[in-house]
Asker: 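There's a structure below that I have some questions on.
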Amino acid sequence: MKTYRLALIGFGNVGQGFAQILHEHGDYLASTLGADIKIVAINDLLKGSIYNPDGFSPNELLKAVQNYGKLDSITAPHRDWSTEKTITDTNADVIFEISYTDLKTGEPALTYINLAMEHGKHVCTTNKGPIALHYPEIIAKARNKNIEIGAEGTVMSGTPSIRLGLELLAGSIINKVQGILNGTTNYILTQMENGATYDDALAQAQEKGYAEADPTGDVEGFDAAGKVVILANLLMGQSLTMADVDRTGITGLTPEDIKEAQAANERWKLIGTIELVDGHVKGSVKPIRLPMSHPLASVGGATNALTYTTELLGDVTVIGPGAGRIETGYSLLADLLAIHRK
Ligand code: HSE
C-alpha cells in the first residue's frame, strides 16, 4: 500500500467532485489498487485554509461546504495558512492545482505549480491557463526535477484524451486532431435545437457546473482554443499560443441559423481542429454545419468527442463527458494513479 498526501489548491466544483469520489470509492482504491489517498490540506480563497497532517474525512469536507459554504466548521490543527505555505510546508507529496483558470496569464496557478515543483512535489491540475500558456517551461522544469505533471483534465475532463494521445498513440504519427472540446457550447447548441433560448441554455450550463466562472471564455471559443493549444503542444510538440488559433465562438449563431440547419438535416457544432497545412501546424475553433451522418453531429449535450487521425491506425475517436464535477474530479484520480503506477 502506498499513501498519497494531497494538498488541494482550490475547492470548487472539481475539488469537491474529487472529494466525493474519495468518499464513495476510497476503500476500493486502497484495497484494489493499493493507493491510500488522503486530503491533508485545502486552500481556497473563499472557503478557507485548513491543514491536518493525518488527513481529513472527505465527507466532512463536503458537508461543511454544502451546509456553510466554508471550511470553518472543520476541526484542524492548523488553519489560515497562505497558499504558498500550504504548498511548501505541509506534508503533502502531491499538489492538486485546481484554482481558477486565467487563459490570459495562467496566474496564479503558474506560480503555484512552479513553487510545488521547486519543493519536489508532483502536480496534478485541471487548470487550462498554465498548461495552455506555459507547458514547454513547465515540462522542462518537471523533467529536471524528476516531478510528474498530470494535466489530463484540461481537455475532455476525465475522458481519456491527453494520456491516450501521449502514451497509447505516441508512435502512431498523429497528423490531425479534431473534435468537440467545449461542453458548455455543445450543451447550449443542443438545448437551442430543442427549442430553448440561448440565455436559458447558458443558465442551465452554469447551474450544472459546465461553464467557466466567466462563461465568455466558453461561448467565444477561448476555452476550446486553449484546449487546441494544449493538444498541439503536448501531443505534437508544437509551441502554439492562443493568438495562433483562428477562433470564432457561437455567439454569432442565431435561432434562425439553427433552424435552417435542422431543416437541411444538419447541425451546428463548435469544432476545434489541429492540422498540418503546408508543413505548419494550424489550430482553429469555429462553428461548422455538419451533416447528420457526420460522427460528431450526434454528440449532444455536454459530451465531448475527439478524433485523432493517425498514420498507423487511421481515425481513433473517443467520446465522453467533457465537463462536470465528478467527471473532472476523476481526471485528477487518473493522473494520481498514473503516478502510482510509476
Ligand atoms: N467550461 C468547460 C466546458 C469546462 O464547458 O467544456 C471543461 O473544461
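We count ligands from 1, going down the list as the structure has it; atoms in each ligand are counted the same way. Scope of the values below: all heavy atoms of this structure, side chains included, with no hydrogens, waters or symmetry mates.
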Asker: Among all residues two or more places apart in sequence or in another chain, which pass the side chain to side chain contact (heavy atoms under 4.5 Å, CB included) test with Asp80?
Answerer: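 So Asp80 forms no side chain to side chain contact (heavy atoms under 4.5 Å, CB included) with any residue.
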Asker: Does a donor on one side chain sit under 3.5 Å from an acceptor on the other, for Glu107 and Thr111?
Answerer: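 Checked: Glu107/Thr111 side chains pair up, N/O donor to acceptor below 3.5 Å.
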Asker: Does the Lys38 side chain pair with the main chain of Thr3, one donor and one acceptor, at a distance under 3.5 Å?
Answerer: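 Answer holds: no.
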Asker: A side-chain contact here means heavy atoms from C-beta on lying under 4.5 Å apart; do Ile271 and Leu290 qualify?
Answerer: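 Touching, per the 4.5 Å side-chain cut-off.
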Asker: Under a 4.0 Å threshold between the charged nitrogen and the carboxylate oxygen, would Lys282 count as salt-bridged to Asp246?
Answerer: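 Salt bridge absent between Asp246 and Lys282.
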Asker: What do the steps show when you test Val228 against Ser284 for side chain to side chain contact (heavy atoms under 4.5 Å, CB included), and what is the final call?
Answerer: CA-CA 7 Å; Val228 161; Ser284 66; over 6 Å; no
Asker: Heavy-atom cut-off of under 4.0 Å around ligand 1: list whichever protein residues fall inside it, by chain and number.
Answerer: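 Lining ligand 1: Lys128, Asn182, Gly183, Thr184, Tyr210, Ala211, Glu212, Asp218, Asp223, Lys227, Gly322, Ala323.
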